[in-house]
Amino acid sequence: MTLFVAIEGADGAGKATAATNVREALARRGISAVVISFPRYGQTSGGFAIGQFLAGQFPVTVTPKAAAVLYALDRLESVSFVSQAAQDHEVVIFDRYIASNMVYQASKVPASEALALMSWIYQLEINTFGVEKPNVSFYLNTSLEFARKLMALKGQRSYTDKQYDAHEADEKLQLAVRQNYDLVTKSGLAGPWHVVEAASGCVLRSPSDIASEITDHVLEQLRLNKDENRRSTTSRA
Ligand SMILES: Nc1ncnc2c1ncn2[C@@H]1O[C@H](COP(=O)(O)OP(=O)(O)OP(=O)(O)O)[C@@H](O)[C@H]1O
Ligand SMILES: Cc1cn([C@H]2C[C@H](O)[C@@H](COP(=O)(O)O)O2)c(=O)[nH]c1=O
């Protein structure tokens with residue numbers, strides 16, 4: 001059975017880097033893994049609409065619920081792509097997944113409405129759209145200060161020429177995103193969660209150090225899954 005792993009975090013936390021390094025670390029152990037990054041900007045109509053929205057070019061005002069639907073549509077359109085990846089690989093690593101949708105949209109409404117909106121989005125994606133649940137999620141926790149430095153290292157994006165997109169430019173949103181990741185990880189929504197610190201004290205950890213912490217958890221989860229499969233095969237025999 002394929003393991004679905006989600007790597008989550010604020011903009012510029014180093015998720016794409018961690019996802020690639022984890023995939024390579026698994027490959028070195030003979031475990032086949034693939035990285036799928038959401039949004040899939042150029043691949044789905046939802047992804048295209050999100051690119052327009054983040055570039056500030058969507059033709060109508062996008063409320064938090066409308067944004068949630070666009071992001072969820074991107075994943076709905078990707079269901080068969082994900083299921084093909086699951087047939088071809090032992091591990092599918094998502095660079096952002098459903099929790100990004102829950103956290104970012106919840107960060108645009110008053111704190112008292114955040115949990116209700118998060119659970120609405122989770123129901124929409126899992127129950128209504130039939131998107132695959134992650135088996136384990138990692139939150140790459142980083143301060144806004146470090147994230148700004150990493151964002152500055154990012155190359156040109158496909159959907160905007162600006163240095164910062166609509167979410168990245170919004171400092172208040174970036175702070176609320178950190179509070180809401182804290183809320184989901186503590187409440188276990190869209191989990192189970194492991195929190196991975198991007199920095200140790202006031203020094204950013206190396207990409208390989210971060211990836212090896214995540215890889216160790218993934219290997220442990222693969223072992224647990226194999227034990228579980230063996231147990232259920234034995235009890236059926
Ligand atoms: N731990 C790290 N130490 C130093 N540089 C890093 C680290 N992690 C990532 N980087 C660099 O920071 C930049 C942004 O990283 P990355 O694209 O992985 O972030 P991200 O979280 O996926 O960003 P976003 O969500 O905004 O797309 C890249 O140039 C990457 O090489
Ligand atoms: C998948 C997903 C993403 N977002 C947000 C998070 C970012 O601010 C942007 C785009 O992500 P990228 O990593 O910078 O390409 O969109 C979201 O709100 N909901 C989602 O489902």
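Positions are given from 1 along the sequence.
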| note | The residue among L115, I121, V103, L183 that forms side chain to side chain contact (heavy atoms under 4.5 Å, CB included) with L189 is L115

| task | Is it possible for you to say whether W120 and L70 belong to one hydrophobic cluster, with membership spreading through side-chain heavy-atom contacts below 4.5 Å? | result | no

| field | side chain to side chain contact (heavy atoms under 4.5 Å, CB included) partners of L173, counting only residues at least two apart | value | Y104, S107, K108, H167, D170, V177

| Is any side-chain heavy atom of V218 closer than 4.5 Å to a side-chain heavy atom of L3? | yes

| query | With sequence neighbours left out, what residues match A33 under side chain to side chain contact (heavy atoms under 4.5 Å, CB included)? | reply | R23, L26, V91, I93

| field | Remaining members of hydrophobic cluster (4.5 Å side-chain criterion), L144 | value | L175

| Can you name the residues that form a side-chain hydrogen bond (donor to acceptor under 3.5 Å, both in side chains) with S208, not counting sequence neighbours? | S206

| message | When you group the ILVMFWY residues by side-chain heavy-atom contacts below 4.5 Å and let the links chain together, are M102 and V131 in the same group? | response | yes

| task | State whether F129 and R75 meet the cation-pi test: NZ (Lys) or CZ (Arg) under 6.0 Å from the six-membered ring centroid, and within 45° of the perpendicular axis. | result | no

| said: Would V195 and Y181 count as a side-chain contact (heavy atoms from CB on, under 4.5 Å) here? Give the steps. | reply: CA-CA 10 Å; V195 179; Y181 268 121; over 6 Å; no

| said: Let me confirm one number: the CZ-CD distance from R148 to E171, rounded to the nearest 0.5 Å. | reply: 5.0 Å

| task | For residues D95 and S37, report the shortest heavy-atom separation together with the two atoms involved. | result | OD2-OG, 2.9 Å

| task | Working to the nearest 0.5 Å, report the span between OG of S83 and CG of D88. | result | 9.5 Å

| Do you know which of K15, E8, H217 makes side chain to side chain contact (heavy atoms under 4.5 Å, CB included) with F138? | H217

| task | Given side-chain contact (heavy atoms from CB on, under 4.5 Å), test I31 with L219 step by step and report yes or no. | result | CA-CA 10 Å; I31 299 165; L219 291 171; 3.5 Å; yes

| Is there a donor-acceptor contact under 3.5 Å from the side chain of T63 to the main chain of A66? | yes

| ILVMFWY cluster, L222 and V92 together (side-chain gap under 4.5 Å) | no

| request: For residues V22 and A211, report the shortest heavy-atom separation together with the two atoms involved. | output: CG2-O, 3.8 Å

| query | Between L204 and K149, is any pair of side-chain heavy atoms under 4.5 Å apart? | reply | no

| field | Side chain proximity check, Q43 to F38, heavy atoms < 4.5 angstrom | value | no

| request: Please examine the side chains of V136 and V5, heavy atoms only from C-beta on, and report whether any two atoms are closer than 4.5 Å. | output: yes

| said: Show every salt bridge (Lys or Arg N to Asp or Glu O under 4.0 Å) that has at least one partner inside residues 206-218, sequence neighbours left out. | reply: R205-D209, R205-E213

| remark: For E77, the side chain to side chain contact (heavy atoms under 4.5 Å, CB included) test, sequence neighbours excluded, returns T44, S45, L73

| query | Between the main-chain N or O of G42 and the side-chain N or O of S158, is there a donor-acceptor pair closer than 3.5 Å? | reply | no

| request: Taking the six-membered ring of Y139 (Phe, Tyr or Trp), confirm whether the NZ or CZ of R178 is under 6.0 Å from its centre and within 45° of its axis. | output: no

| message | Whether the side chain of R96 engages the backbone of I36 through a donor-acceptor N/O pair (distance < 3.5 Å, no angle test) should be reported. | response | no

| said: If the condition is side chain to side chain contact (heavy atoms under 4.5 Å, CB included), which residues does P39 pass it with, not counting sequence neighbours? | reply: Y41, I50, Y71, D74

| query | More than 12 foreign heavy atoms under 6.0 Å from CD of E145: is that the case here? | reply | no

| Same apolar cluster: W193 and M118, side chain cutoff 4.5 Å | yes

| Where D11 and A147 come nearest, the two heavy atoms and their spacing | O-CB, 3.4 Å

| said: Let me check something: do V60 and F48 share a hydrophobic cluster, defined by ILVMFWY side-chain heavy atoms less than 4.5 Å apart, either directly or through other members? | reply: no

| task | State which residues pass side-chain hydrogen bond (donor to acceptor under 3.5 Å, both in side chains) with Q221; sequence neighbours excluded, sorted by chain then number. | result | none

| message | side-chain contact (heavy atoms from CB on, under 4.5 Å) for Q123 and T128? Distances and angles first, verdict last. | response | CA-CA 7 Å; Q123 299 294 325; T128 312; 5.5 Å; no

| With sequence neighbours left out, which residue pairs that include part of residues 194-204 fulfil the side-chain hydrogen bond (donor to acceptor under 3.5 Å, both in side chains) condition? | N141-E197

| Within-4.5 Å side-chain heavy-atom neighbours: H89 and T2 | no

| task | Could you pull out all residues at least two apart from T215 that satisfy side-chain hydrogen bond (donor to acceptor under 3.5 Å, both in side chains)? | result | none

| Roughly how far apart are C202 SG and F146 CZ, rounded to 0.5 Å? | 6.5 Å

| query | Are any side-chain N or O atoms of S232 and backbone N or O atoms of N229, one a donor and one an acceptor, separated by less than 3.5 Å? | reply | yes

| Passes side-chain contact (heavy atoms from CB on, under 4.5 Å), L140 versus I210? Steps please. | CA-CA 9 Å; L140 194 47; I210 291 171; 3.8 Å; yes

| task | For E168, enumerate each residue passing the side-chain hydrogen bond (donor to acceptor under 3.5 Å, both in side chains) test, keeping only those at least two apart in sequence or located in another chain. | result | R157

| field | Partners meeting salt bridge (charged side-chain N to carboxylate O under 4.0 Å, His left out) with E228 (sequence neighbours left out) | value | R231

| query | Do the non-hydrogen side-chain atoms of E125 and Y97 ever get within less than 4.5 Å of each other? | reply | no

